[in-house]
Amino acid sequence: MSRISAAMTAVAVAALLAACASQDTKTAAPGAAASTEAKGPTTPVGGHGHHAFIGGYDANRDGVVTREEYDTVRKQRFVAADTNQDGWLSEAEYVAEFEARLKAQYAAAGKQPDQQYQGSIKQAHVRFGILDSNKDGKLGIEEEIDIANKTFKNADRNGDGVVNAADIAGQ
Ligand SMILES: [Ca+2]
Ligand SMILES: [Ca+2]
Ligand SMILES: [Ca+2]
C-alpha cells in the first residue's frame, strides 16, 4: 500500500468512526429508556396515568413533581413547540411537539412507528380541538395555564400540592 492510499484509508476510518460516534449520541441505544442516568425527566407520551405524569415532569428525579417543576416543564414545552414564536400554538405546532417526543420515545425503545403511534398522533389532533376551548384554532398561554391547573389538580389526588407515589397509591 502506498503512503498516500494508507493515509486516505486512515482518514476514511476516522470519518467512519466519527460518523458512528455521532450516530450513538443521536439515537439512544436500546435499553437507554430505562436508564436512570439520563438527564432531566423522561418524557413518556401517549401514556397516561401517574407514572407517565411523574416521568414526564419530575425534572430533578426525586420522585416528587412539585408545582414549580410542572410549570417549568410545561412552559418549556410550550415555548419549544411555538416554532414561529408568535406566542400561540397552532394545531400543527402542537402536534409536531407531541410527535417529536413520541418519536424520541420510540427511538429510545428501538421501536418503529406502528399503529399505536399513528393512533397517538390522531389523539393529539383530537386533544388540540378540546384544549382549544374557544375554537379559534390556536392555543394561547392563558388556555395552557388553565389546562395546566386542571391537569395538576387531577393528578394530585390527595391534594397535598405535589404529585408523587402517594397519589398513585390512591388511584
Ligand atoms: Ca421532583
Ligand atoms: Ca405559533
Ligand atoms: Ca399529592
Side-chain angles (χ1 to χ4, degrees), residues 25-26 28-109 113 117-171:
T25 54
K26 260 180 266 166
S35 168
T36 52
E37 287 158 28
K39 287 193 187 91
T42 55
T43 52
V45 288
H48 292 282
H50 282 71
H51 288 290
F53 189 94
I54 293 173
Y57 297 103
D58 182 14
N60 67 354
R61 297 199 161 217
D62 63 351
V64 179
V65 178
T66 63
R67 189 58 212 257
E68 205 184 353
E69 282 177 316
Y70 180 73
D71 288 349
T72 302
V73 173
R74 280 200 77 118
K75 196 169 169 228
Q76 279 169 356
R77 281 189 194 159
F78 188 95
V79 171
D82 181 17
T83 41
N84 70 352
Q85 300 183 321
D86 65 349
W88 298 89
L89 295 194
S90 65
E91 182 167 344
E93 284 173 333
Y94 176 84
V95 174
E97 192 272 348
F98 174 82
E99 185 165 11
R101 282 189 287 134
L102 187 64
K103 220 180 241 170
Q105 191 186 324
Y106 267 69
Y117 182 98
Q118 298 305 337
S120 295
I121 298 297
K122 253 186 219 155
Q123 273 174 26
H125 283 282
V126 172
R127 208 157 50 237
F128 182 87
I130 297 165
L131 298 178
D132 176 22
S133 48
N134 66 356
K135 309 292 172 211
D136 63 352
K138 51 191 194 173
L139 210 59
I141 194 77
E142 300 289 318
E143 280 168 311
E144 161 67 14
I145 290 166
D146 201 40
I147 298 153
N149 285 337
K150 281 182 196 148
T151 311
F152 194 89
K153 223 168 140 191
N154 277 338
D156 179 17
R157 287 172 189 247
N158 63 3
D160 65 352
V162 297
V163 178
N164 60 8
D167 296 303
I168 295 170
Q171 201 167 356

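Quick note: numbers below take in every heavy atom, side chains included, and nothing from hydrogens, waters or symmetry partners. Both counts, for ligands and for their atoms, begin at 1 and track the order of listing. This one's a predicted model, so the numbers in the text were calculated from it and none came from an experiment.
A donor-acceptor pair is defined here as one N or O able to donate and one able to accept, closer than 3.5 Å; no such pair exists between the side chain of E144 and the backbone of L139. Here the side chain of E93 pairs a donor or acceptor atom with the backbone of N84 at under 3.5 angstrom. Using a distance-only test at 3.5 Å, with no hydrogens or angles considered, a donor-acceptor pair links the side chain of D167 to the main chain of R157. For D156 (side chain) and D160 (main-chain N/O), a donor-acceptor pair under 3.5 Å exists by modelled atom type. In this structure, D132 contributes its side chain and G137 its backbone to a donor-acceptor pair below 3.5 Å. Using a distance-only test at 3.5 Å, with no hydrogens or angles considered, a donor-acceptor pair links the side chain of D58 to the main chain of G63.
Taking backbone and side chain together, V65 holds no N, O or S atom under 3.0 Å from the Ca ion (ligand 1). The Ca ion (ligand 1) has no N, O or S atom of Y57 closer than 3.0 Å.
By the 6.0 Å and 45° rule, R127 stacks over the aromatic ring of F98.
Its N, O or S atom nearest to the Ca ion (ligand 1) is what matters here, and for D58 that atom is OD1. Summary: OD1 is the N/O/S atom of D62 found nearest to the Ca ion (ligand 1).
Vertex the Ca ion (ligand 1); arms to E69 OE2 and V64 O; angle rounded to 10 degrees, 130°.
Among protein atoms, those of element N, O or S found less than 3.0 Å away from the Ca ion (ligand 2) are D82 OD1, N84 OD1, D86 OD1, W88 O, E93 OE1, E93 OE2. Listing protein N, O or S atoms at distances below 3.0 Å from the Ca ion (ligand 3), with waters left out, gives D156 OD1, N158 OD1, D160 OD1, V162 O, D167 OD1, D167 OD2.
At a threshold of 4.5 Å between non-hydrogen side-chain atoms, the residues E69 and I54 do not count as touching. Put simply, the side chain of Y70 reaches to within 4.5 Å of the side chain of T151, judged on heavy atoms.
Of the inter-residue distances, the one linking I147 atom CD1 with L131 atom CG reads 4.0 Å to the nearest 0.5 angstrom.
With ring centers used as reference points, Y57 lies under 6.0 Å from F53.
No salt bridge links K75 with D71; every basic N to acidic carboxylate O contact stays at or beyond 4.0 Å.
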